[in-house]
Q: 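First the structure, which I've put down as structure tokens, then a few questions once you've had a look.
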There are 2 protein chains.
Amino acid sequence: MVLSDRKKKILQIIIEDYIATAEPVGSRTIARKYDLGISPAIIRNEMSDLELLGFLEQPHTSAGRIPSAQAYRYYVDSMIEPGALTDNDRALIDGWFHERVRSIDDIFQSTAKILSRMTKNVSLVMANRATSSAFSYMRFLPLDSHHDILCIIADDGHVDHCVVEIPLGMEQEEMDYLATRISNKLHGLHLNQIGSGTLEDLHDDVANDKMLFASLLRAIRQIGLSHQEQKMFLGGTKQIFNQPEFKDVNRIKELLSVLEEEKMLKDMLQAGEDSGLRITIGGENKFSGIQDCSMIQATYRLNGQVVGTMAVLGPTRMEYGKVISVMDYLHKYLTTIFNKEQELK
Amino acid sequence: MVLSDRKKKILQIIIEDYIATAEPVGSRTIARKYDLGISPAIIRNEMSDLELLGFLEQPHTSAGRIPSAQAYRYYVDSMIEPGALTDNDRALIDGWFHERVRSIDDIFQSTAKILSRMTKNVSLVMANRATSSAFSYMRFLPLDSHHDILCIIADDGHVDHCVVEIPLGMEQEEMDYLATRISNKLHGLHLNQIGSGTLEDLHDDVANDKMLFASLLRAIRQIGLSHQEQKMFLGGTKQIFNQPEFKDVNRIKELLSVLEEEKMLKDMLQAGEDSGLRITIGGENKFSGIQDCSMIQATYRLNGQVVGTMAVLGPTRMEYGKVISVMDYLHKYLTTIFNKEQELK
DNA sequence: GTTAGCACTCTGTTTAGTAGAGTGCTAACA
DNA sequence: TGTTAGCACTCTACTAAACAGAGTGCTAAC
């Protein structure tokens with residue numbers, strides 16, 4: 001669709017004014033606030049055209065106009081310029097990132113926190129563990145006379161552990177030997193590849209004790225499962241209280257219900273993993289409950305593999321430019337961190 | 001304070017009706033709903049007396065009356081009977097508890113969830129790790145050519161781990177030897193007893209490598225710290241949306257702000273650890289922001305040591321009886337679990 | 001001590017009226 | 001043909017008045 005420069009300018013003003021104020025924008029307001037050199041009347045005419053073209057909507061006859069989903073789409077596709085972060089913002093992010101980063105999970109958690117704080121919206125960060133870590137080896141650590149701790153070490157430094165019962169009469173040396181044999185079998189397998197099939201093979205090795213075998217099977221499978229599941233980090237669910245769109249308690253309840261459906265969130269984020277940056281506006285979103293929301297999502301990869309996905313979810317009236325530049329900055333940050341992690345090996 | 005039986009009865013009806021409906025209770029309503037065999041007029045007189053005595057309050061002249069904080073206090077002190085849970089409730093709790101319990105943290109998390117679901121209020125569960133676990137031993141597990149994973153095993157089966165850098169030229173055997181020596185030094189110490197003082201002693205043993213020493217020191221101290229801190233589990237922050245007291249967004253915001261102050265929550269719960277069951281009503285609470293809320297708190301111990309604390313936080317209009325019986329049931333449940341844990345050793 | 005009756009008070013809701021903001025249309029102007 | 005000024009019209013948000021409903025307190029009678 002081709003719009004005259006003047007229409008484009010007016011549309012942009014309306015969108016940005018509405019994003020900033022959350023109030024419908026009227027022709028006189030535009031003429032007063034922005035020096036376009038044209039009268040309110042002509043702005044009215046242009047606005048009327050833009051409404052016919054589907055870019056604007058009127059809440060009621062005598063309110064100003066608000067951008068339609070189509071307008072936001074046009075805005076992000078052909079008007080927005082990435083725009084760098086201010087030094088202040090960048091300093092804030094750097095500060096928050098260095099606050100406390102001990103494990104990989106901490107990194108994701110920090111990312112979620114920063115994302116929500118910077119954008120004043122809900123943030124979602126999904127860590128795709130399955131593809132990022134492989135089984136390295138396992139080890140039994142003695143706990144007490146009847147129990148060992150089974151530690152499973154992944155090649156990315158992730159450690160999982162659980163308590164297992166030692167079969168009666170079994171010596172610690174035998175347990176260690178067992179760990180070595182199982183480790184050899186599973187070494188290098190991605191954790192989500194460890195299914196019941198892989199474990200059946202082990203049966204012969206451990207056949208001398210059915211009970212131990214059963215509990216090991218359960219433990220390894222459970223750990224495998226917990227790695228298959230992507231892990232989800234949420235941030236800023238409190239931020240939305242400040243958005244005028246959510247001044248109604250019921251709307252908040254609705255959104256929070258959606259955010260509790262972890263399964264759905266994962267599907268949602270996974271659906272957008274192909275493209276680097278995905279912006280879903282209003283009704284474009286297939287999932288009910290957030291169809292008057294927009295989502296901006298970015299995927300980060302390492303060697304072509306999807307490592308994780310981050311997203312910002314908020315009202316369609318969202319600071320698209322700001323969100324994108326924050327994500328961009330975080331993206332670079334994370335890529336650096338993950339690359340460094342890998343170089344260390 | 002001595003009240004006539006009739007006054008007592010009327011007060012109880014008002015409290016329980018208000019708890020159930022959240023609406024001020026009027027004399028006619030009482031006469032209609034409850035068959036007391038007396039007319040509204042006499043109920044009015046009694047209510048007038050009760051107001052003078054400080055048990056009732058009038059939101060305005062022509063509304064009914066609502067219980068004062070003093071009334072709730074009287075109610076929980078001398079009217080309430082513990083009351084057993086319904087079979088249905090008990091079955092629900094049992095079911096939720098068996099859903100997924102893998103680690104100690106899971107138990108606390110489940111407790112929080114159950115508590116909030118059963119009481120429709122916010123629940124807080126504080127796990128007092130410091131007193132419940134002692135250092136057992138540590139071990140280095142190889143990760144890659146430059147890094148080991150330091151595992152610290154506590155006697156209750158808790159495992160902490162972090163990545164440490166291997167000093168240039170140091171062999172794995174030396175690392176193992178080091179682990180043994182440090183383990184011997186720290187064995188049996190409660191994790192919160194491991195301060196910088198304890199670690200200074202180690203210096204001689206590890207003096208041959210300053211860098212490793214520094215990073216070990218940091219790791220152990222950090223793990224010690226994370227154990228010193230009690231861990232807090234929250235449940236049901238979404239439940240409060242259904243309480244009429246929180247139909248105002250600002251009140252929700254206020255409460256959520258309080259719940260974010262983890263430090264304050266810990267102080268709050270710790271303050272009530274002495275008594276077995278503590279009920280704090282309205283203004284009795286010292287902490288601002290929740291002075292129109294009530295809190296019911298129970299502490300569970302093992303061999304005299306405080307293992308944890310659970311609490312329900314909600315509007316003063318709270319189902320005190322129900323909350324207490326749920327807590328009672330959970331208390332027994334947890335005691336059984338913890339005792340079994342200990343027997344195993 | 002208990003009850004019925006009644007005037008009084010306060011809230012929440014409905015109704016009417018008004019100011020404010022914005023639009024759409026028309027006619028005039030460059 | 002594009003632009004502007006003027007004006008009638010529409011819709012909302014706010015305010016004030018009116019009114020029904022619920023509850024109380026008081027008095028007088030049982």
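In what follows, chains carry the letters A, B, and so on, assigned in the order in which the sequence lines appear, proteins first and then strands, with residues in each chain numbered from 1. Just so you know, these numbers come straight off a predicted model, no measurement behind them.
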Q: Answer whether the closest heavy-atom distance between the side chains of A/I279 and A/I324 falls below 4.5 Å.
A: yes
Q: Are B/K9 and B/D5 ion-paired here, with the side-chain N under 4.0 Å from a carboxylate O?
A: no
Q: Looking only at side-chain N and O atoms, does B/E16 offer a donor or acceptor that is under 3.5 Å from a partner on B/Q12?
A: yes
Q: With heavy-atom distances below 4.5 Å as the criterion, would you say the side chains of B/L56 and B/L11 are in contact?
A: yes
Q: Between the side chains of A/R117 and A/Q239, is a donor N or O closer than 3.5 angstrom to an acceptor N or O?
A: no
Q: Heavy atoms of chain A, cut-off under 4.0 Å: which first and last nucleotide of DNA chain D, 5' to 3', fall inside that, if you could look?
A: D/dT3 to D/dT12
Q: Is the shortest side-chain N to carboxylate O distance from B/E319 to B/K120 below 4.0 Å?
A: no
Q: Are A/D17 and A/Y34 linked by a side-chain donor-acceptor pair shorter than 3.5 Å?
A: yes
Q: Counting only heavy atoms not in B/D77 (residues, nucleotides, ligands), do more than 12 fall under 6.0 Å from its CG?
A: yes
Q: Do B/L330 and B/V326 have side chains that get closer than 4.5 Å, going by heavy atoms?
A: yes
Q: Does the pair B/R251/B/E245 count as a salt bridge with the N-to-O cut at 4.0 Å?
A: no
Q: What residues, two or more places apart in sequence or in another chain, satisfy ring pair (Phe, Tyr, Trp, His ring centres under 6.0 Å) together with B/Y75?
A: none
Q: Residues from residues 56-65 of chain A sitting under 4.0 Å of DNA chain D, heavy atoms only?
A: A/H60, A/T61, A/S62
Q: How is the base pairing of DNA chain D summarised as a dot-bracket string, given the Watson-Crick and G-U wobble criteria with both distances under 3.5 Å, [ ] for crossing and | for another strand?
A: ||||||||||||||||||||||||||||||
Q: Between B/F246 and B/F241 (judged by ring centroids, cut-off 6.0 Å), do the two rings come close enough to count as a pair?
A: no
Q: Give a yes or no on whether a salt bridge exists between A/R6 and A/E46, defined as a side-chain N under 4.0 angstrom from a carboxylate O.
A: yes
Q: Taking the side chain as C-beta and beyond, is there a heavy-atom pair between B/M268 and B/Q297 under 4.5 Å?
A: no
Q: Contacts to DNA chain D from residues 16-28 of chain B, heavy-atom cutoff under 4.0 Å, which residues?
A: B/G26, B/S27
Q: Go through residues 31-47 of chain B and report each residue with a non-hydrogen atom lying under 4.0 Å from DNA chain C, sorted by number.
A: B/I38, B/S39, B/I42, B/R44
Q: State, with a plain yes or no, whether a side-chain heavy atom of A/V25 is found less than 4.5 Å away from one of A/I15.
A: no
